[in-house]
Asker: 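Right, I'll just put the structure down here and ask away after.
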Amino acid sequence: MKESYVDLIKIRRQVFAQVAKMAYEGTDLSQLEKASFEILPGEVATYRDSIFRERAIVDERLRLTMGLNARKPTEYYRVTDGITEVDIDERRFIEPLINVITFACEACPTKAFYVTDNCRKCLAHPCTNVCPTNAVSIGKNRAIIDQEKCIKCGRCKNTCPYSAIVQYDRPCAAACGVNAIDSDYLGRAQINRDRCVSCGNCIIQCPYGAISDKSQIYQLIKALKNNNNMYAIIAPSFLGQFGPLASPEQIFEGIKQLGFEDVVEVSLGADITTLKEAKEFLEKVPTEIPYMGTSCCNSWTIMVEKLFPDQYEYISDSASPMVETAKYIKKKDPDAKITFIGPCISKKLEALREDVKDYVHFVITFEELMGMFVAKDIELSEIELSKEIQDASALGRGYAIAGGVADAVKKMAAEIDPSREIKVEGASTLHDCVKLMRMAKAGRKKGYLLEGMACDGGCIAGPGTLASLNRVRKAVVDFKNQSASNSPLENEIIDDELRSI
Amino acid sequence: MKVKVCVGSNCTLLGSMNILDQIDDLKDIIIQDSDNYKDEKLEVEAIKCLGFCKNTDEKVAPVVVIDGQAMYKATGQTVMEKIVNKIRK
């Protein structure tokens, strides 16, 4: 969540903690009716026009956190309707993942140029002179833009000497790199499912907190209470997420105290992906395919599949680090139930894929995990230290930061075949990913390895993070430097066969 | 001046890292405009859970302690204001 949206963060995370607490304590789910009152007690509104609306929105958040759909305001439902369907100890996914809480949406106007009070109706009025559609005229008090005529080219804004013209857009739509935000009949945001790639950027940017994903924490906690073979795998961006005093070892131990058998770094899977992608690249590019796209960001691959279907075959066939890590555990314990913990909500969808669903059983975010720590009264910084973590090489640990994937694959390929020079290009917002793919489609990226990441800065900026980008980047680099191996080739956990070059 | 920011689990969940980041930013503001601030060192420390929220049913997190005085439900805004009021000339 955007760090400066302090109130929204509090509401969202209190809901996670509340649901986690109910799950751990085995509270009867009829009590869910009362939960919004406990989160927002009293009769005075703090955030919106009325406390009743505030609580109604929290009710929707509670439902989404339980894994249920938000209710339709036009139909009668209780908060708990449908609850038996999700009161289970395994994943139960009800589409869609990303939901607009309709009555939390304030129907912000769509993209437009506005003239502000700064306008002095100057004599030169270049705004009118540069407009290609004659949409700007000088009114009684200021310049006026005819919104019917305006084609949103922005020339008037750029030429105004008083900075009097501003561009305005709905934050959700501005954040969406694939143009998937439409409007419903009341002008509220509506997600176009054909285009949405579930990156979650609209969720973190909406200043009203009107968009939310669904969670699996309730079902996960039930599974943790009922099963023994529960394993957690944690994404390379976990460093620094749970407070400046919580060491990586304490985080791992804290996760075990939640009921997990063991914890493994997903950076291990990143090492495996690196080896596979490097070999795949050297083998296929440029003879079989003109370029290769990385496969670890799920929103990036969905974007290519949806918007550039004829290019989809050029995305690497190698499984993502999440899947490789899960496969590694499954090999050792065939009964393992595996939970991916990461910054990403798109992984919740990747885990449902036919070729993935038997390996990854739950996906939660760092934010949701923090809610579980609070529900279970776990103080990470007070945990006695256990052994040092050494699952992955420095290259694998670098996957969390934009550029890290391509860098690892490039270095690996150079080790395998020093005679080959690999060109690399990366994009780390969905907007830029789309631009990069347009270039690739036009044949301008022949021989390249393309790294696509939907979040600005890479996984460390994912929608499910708690700590700021700079904080996490620093912690990831520190942890990277503590790795005992520099390259996946030196990582002895990985099969010799895969490491042979 | 000594500012202690609780980074126990509940305070971290409800935004104490953001408060730390905001205080870091404030340090830059003070350095750039040092003529207007007293020559007093701003010591910031992230501390383990102080147990405030465990002893009460009230919602108190995040907790920040400035020169021994505890602030409940702290935000970057309230903490920075308090710091600035104390050290601005």
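Because only heavy atoms are used, hydrogens play no part in the values below, and waters and symmetry mates are left out as well, while side chains stay in. Here is how names work: the chains are called A, B, and so on, in the same order as the sequence lines, proteins then strands, and each is numbered from 1.
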Asker: Of the backbone (N, CA, C, O) and the side chain (C-beta and beyond), which part of A:D7 lies under 4.5 Å from a heavy atom of chain B, both, or neither?
Answerer: neither
Asker: State plainly whether the residues A:R63 and A:D59 are in salt-bridge range, i.e. N to O under 4.0 Å.
Answerer: no
Asker: Given a strict heavy-atom distance threshold of 4.5 Å, which part of B:N10 is in contact with chain A: side chain, backbone, both, or neither?
Answerer: both
Asker: Give a yes or no on whether A:F362 atom CZ has more than 12 heavy-atom contacts from other residues, nucleotides or ligands under 6.0 Å away.
Answerer: yes
Asker: Do you know which of B:G15, B:C11, B:G8 has the most heavy-atom pairs with chain A at a distance under 4.5 angstrom?
Answerer: B:G8
Asker: Using a 4.5 angstrom heavy-atom cutoff, name the option from B:V7, B:L13, B:N18 with the most pairs to chain A.
Answerer: B:L13
Asker: Between A:F16 and chain B, with a heavy-atom cut-off of 4.5 Å, which part of the residue counts as in contact: side chain, backbone, both or neither?
Answerer: neither
Asker: Below 4.5 Å from any heavy atom of chain A, which atoms of B:I47 appear? Answer side chain, backbone, both or neither.
Answerer: backbone
Asker: Heavy-atom distances under 4.5 Å only: say whether A:A246 touches chain B with side chain, backbone, both or neither.
Answerer: neither
Asker: Would A:S468 and A:E3 satisfy side chain to side chain donor-acceptor pair (under 3.5 Å), going step by step from the backbone distance to the final call?
Answerer: CA-CA 7 Å; A:S468 59; A:E3 293 128 43; 4.6 Å; no
Asker: State which residue, out of A:Q18, A:Q14, A:Q31, fulfils the side-chain hydrogen bond (donor to acceptor under 3.5 Å, both in side chains) condition with A:E38.
Answerer: A:Q18
Asker: Hey, what's the ring geometry for A:F366 with A:F242, parallel, tilted or perpendicular (30° and 60° as the breaks)?
Answerer: perpendicular
Asker: Can a side-chain donor-acceptor contact be found between B:T78 and B:T75 if the only test is distance below 3.5 angstrom?
Answerer: yes
